[in-house]
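Being a predicted model, the structure only gives us computed values, none of them experimental. Just so it is clear: chains get the letters A, B, ... in the order the sequence lines come, proteins before strands, and each one is counted from 1.
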Amino acid sequence: MTRNVPEKPGLEGLEEKWDSHWESEGTFRFDRSKTREEIFAIDTPPPTVSGSLHMGSVFGYVQTDSVARYRRMSGKEVFYPMGWDDNGLPTERRVQNFYGVRCDPSLPYDPDFAPPSEPPDPPVSISRRNFIALCHGLTAEDEKVFEHLWRTLGLSVDWTQSYATIDDHSQRTSQKAFLANLERGEAYTQDAPVLWDVDFKTAVAQAELEDRERPGTYHRVAFHRPDGEKVFIETTRPELVCSCVALVAHPDDDRYQGLFGSSVTSPLFGVELPVVAHELAEPDKGSGIAMICTWGDTTDVTWWRELDLPTRAVIQQNGRFQAEVPEWIESEAGKAVYEQIAGRYPNQVRKTMAELLEASGDLEGELKQVSHPVKFYEKGDRPLEIVSSRQWYIRNGGREDDLRKKLLELGERLDWVPDFMGVRFKHWVEGLNGDWLISRQRFFGVPIPVWYHLDDQGIPDYDRVITPNEGSLPVDPTSQAPPGFSEEQRGQPGGFLGDRDIMDTWATSSLTPQIAGHWDDDPDLFERVFPMDIRPQGPEIIRTWLFSTLLRSYYEHDQLPWNHATINGWILDPDRKKMSKSIGNVVTPIPLIEEYGSEAVRYWACNGRPGTDTAVDFGVMKIGRRLAVKILNASRFALGFGGDDADPEAITEPIDRSMLAGLIDVVERATTALEKFDYARALEVAEASFWSWTDDYLELVKGRAYGEGGDAASAHSALQLSLSVYLRLFAPFLPFVTEEVWSWWRQGSVHRSSWPSPEEFDGLTGDGRILEVTSDVLTAVRRAKSDAKTSMRTGVASLQVSGAQEDLDAVKAAEGDLLEAARGTSVDYGTGEFDVVVELEDA
RNA sequence: GGGCCCUUAGCUCAGCCCGGCUAGAGCGCUUGCUCGACACGCAAGAGGUCACUGGUUCAAGUCCAGUAGGGCCCACCA
């Protein structure tokens, strides 16, 4: 075919050119006629579209894309869909800030509502339906930006397979799976203490917690024995004295043996409390005796449950102390004290209580400043409180050892890349201390698809759950009536109540294999892609996304959702610090793509070893760009001789065959690495070989290639053949430039060509040492010229090569090329230690 | 408190699983070079007690034990 090699090849504009070409050709379209064995399925992480674009996203996705492209070239049909995680709190927050609105579910829907042009302060309250409409609108915009970024980066996803975690199909899948869990008893509802974010006014799950080190103050507070004797506890939360239900010490603690079974009264409130024993009480913490409140921390919950203590909760879901005086405070003095703290926030009450205790003589000694870990919602700004509320849970092994063991087994069967990441999973499962709380008291998400019967008094009976017909999914119980009821019966005695909550975003994204594979509506497709081959993801969401996906797959299919989990490393800023919005060191990808090009950014990402933390490094990007430019220029040379296409028969020169022999090794090593998902090693191997190909082989054959006849034809064919191999080796990493060069003289896409294999070189290779030794001699000649500070064009007056006989034979086989490259006329050979003596002509 | 990862040239990192020839790459630095692919370039060079201490071995950057520093994850907030 005719060759179309440009005079001055460049990188500019390649992204756009090839993205639209691939799109119109359907290059990456998934062929669903293939069988499961022929398919390589990727459970792509759906990025949260409501955050800013971030180098962390680019990093992992590009690495995965290189794996996808390799598998496609090695003969697999790659199932590579892209999803958007738009449901959930990040979107709500973004909408609130972007438009300056707040969702108030009590407001009626306003069909004419339009968001203010500037976010007002304070924000304007709008109805739930208006709010959700804004969420949908904004995420649609955000998704376009993301898709554009992914296309510019050259992710080879099949864009016809996209999904969003809030779209109807995802909602249907999510609700169907939830109802299946409910049916089998894996999901249940319970009224219990939960960790609660008072700002977001929602319950949060164990997986969403983080500890933050906060300053606290130990208050030494006196409780009173009937005989007037004081018992001192130390607490950082004196505001909870009013919700105290008991004092507790370790059963073996000698100091408190006499107190167990007796009672004390609380300071200020005068509430009578038992003194109990429990082994969780630590003798060397504080005074060794603690107050149990309902609930100050999760240990309180344990004590409360195990010791069967009463519930005296005072902090409400809005974070304030309840307004009415609790009924367990009976004394007039106690009531008066409570009046002073009613309706206020815990940190205010803490100060007030300290003052009141001081005044009453119940606060002893100096206040002691400490720093201690406090539980926060990972997205929240205030410490979590524990409040009692009805929530939905999915059993996750946190309370059942059999299930926990089963999940640990599955985790062991999964192939972790790198394997030490499996330990994180193991520790997480071993450390689970409760079931997965999936209900959220929020708005933009998949509704929990149930209703409850109301009794004759209009009181909901949470044991009588009404579920929808599967055909009606997705449903919104707050606006749709359950089967067998009409909307008029909503809230009426004998009628129904729709669950107002939505599911945790992970309750839906834990089903990405089922959503992308169309478990609910296309069983034929699902059979062809499930279980998937790889789950690529970041290390920070092993406890959430990976774990919950594995759990749902176990419940629904009794097997792993994928065979391999490839865990990428963490992205650090150029100074090797963790990137975070609060520090303000987040690096965004678009300016970098503009400056260095997509290939450069991809090269940087693919240089990050699997599972290894990697810093944003502009230097590495520059190298990537240099490599891409080099590929263009070297290709121009290799294809610049007109004439025929590569003819294997024509490759007769020993050095050409020697070069091909070396390439076999490169192909084998790159292939082995990629089979183990080690894209970085494959790139490194290809790159090192490519540079010596340009620096040595190209220089050595240059003179012969410009000539004519059989020896020139040998060079032309060898150049084309080796270039074709290099382009395919680089295609997974540098998709644009390799496609560009491929298009100069080949039909079709390099990304649909076959991955190079050693069989391609059958009968074409020679002694690999010829090129190696000849290159060494050439290097010695160059060194001589460099030392003489003269041009590389300087002629060589005499060239003596000493070495073992086999080395001398190797050089002899390439003598013509060597002399031409070295600008010499003859070589003298001598046996002995390897040595090259060069004498230069006068300049 | 428990666990995992890291520590190799001025910088960023390979090499360690499976011990073995003078420990590699790129950037930066130094010195040259406008040769018919490439100045978004080319060639050559300098630069390292492989964190530390012990041990195993004929042989340790590589295996084992420990120490120190850095990072991450988990853990009941009295």
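Between Glu282(A) and Asp211(A), the residue anchored nearer the 5' end of RNA chain B, judged by the nucleotide with its closest heavy atom, is Asp211(A). Annotation: of the two residues near RNA chain B, Met291(A) and Arg625(A), the 5′-most nearest-nucleotide partner is Arg625(A).
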Give me the distances for all protein-to-nucleotides 62-65 of chain B N/O pairs that come in under 3.5 Å?
none

Any N/O pairs under 3.5 Å between the protein and nucleotides 21-24 of chain B? List them or say none.
none

Atom pairs, protein N/O to nucleotides 27-29 of chain B N/O, distance under 3.5 Å:
residue: C27(B); atom: OP1; partner: Arg626(A); partner atom: NH2; Å: 3.3

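A heavy atom lying under 4.0 Å from RNA chain B marks the following residues of residues 235-243 of chain A, by number: Thr235(A), Thr236(A).
Residue Arg782(A) has its side chain nearest to A44(B) when only A75(B), G41(B), A44(B) are considered.
Of the charged side-chain nitrogens involved, at least one lies within less than 4.0 Å of a carboxylate oxygen, so that Lys375(A) and Asp211(A) count as a salt-bridged pair. Checked for salt-bridge contact, Lys426(A) and Glu412(A) miss the test: no charged N lies under 4.0 Å from a carboxylate O. A salt bridge is absent between Arg602(A) and Glu15(A): the closest approach of a Lys/Arg side-chain nitrogen to an acidic carboxylate oxygen does not fall below 4.0 angstrom.
The backbone N or O of Asp613(A) lies less than 3.5 Å from no partner atom in the side chain of Trp570(A), so there is not a single donor-acceptor pair.
With the 3.5 Å cutoff on both pairing distances, Watson-Crick and G-U pairs in RNA chain B assemble into runs of at least 3 at B:1-7 with B:68-74, B:10-13 with B:24-27, B:29-33 with B:41-45, B:51-55 with B:63-67.
Between Lys375(A) and C76(B) there is a side-chain N or O to OP1 or OP2 distance below 4.0 Å.
Distance check on atom P: G45(B) versus C50(B) gives 24 Å, rounded to whole Å.
Sequence neighbours left out, the pairs with a member in residues 772-787 of chain A that pass side-chain hydrogen bond (donor to acceptor under 3.5 Å, both in side chains) are Asp696(A)-Arg782(A).
Using a 4.0 Å heavy-atom criterion, one finds that Leu572(A) contacts no nucleic acid atom at all.
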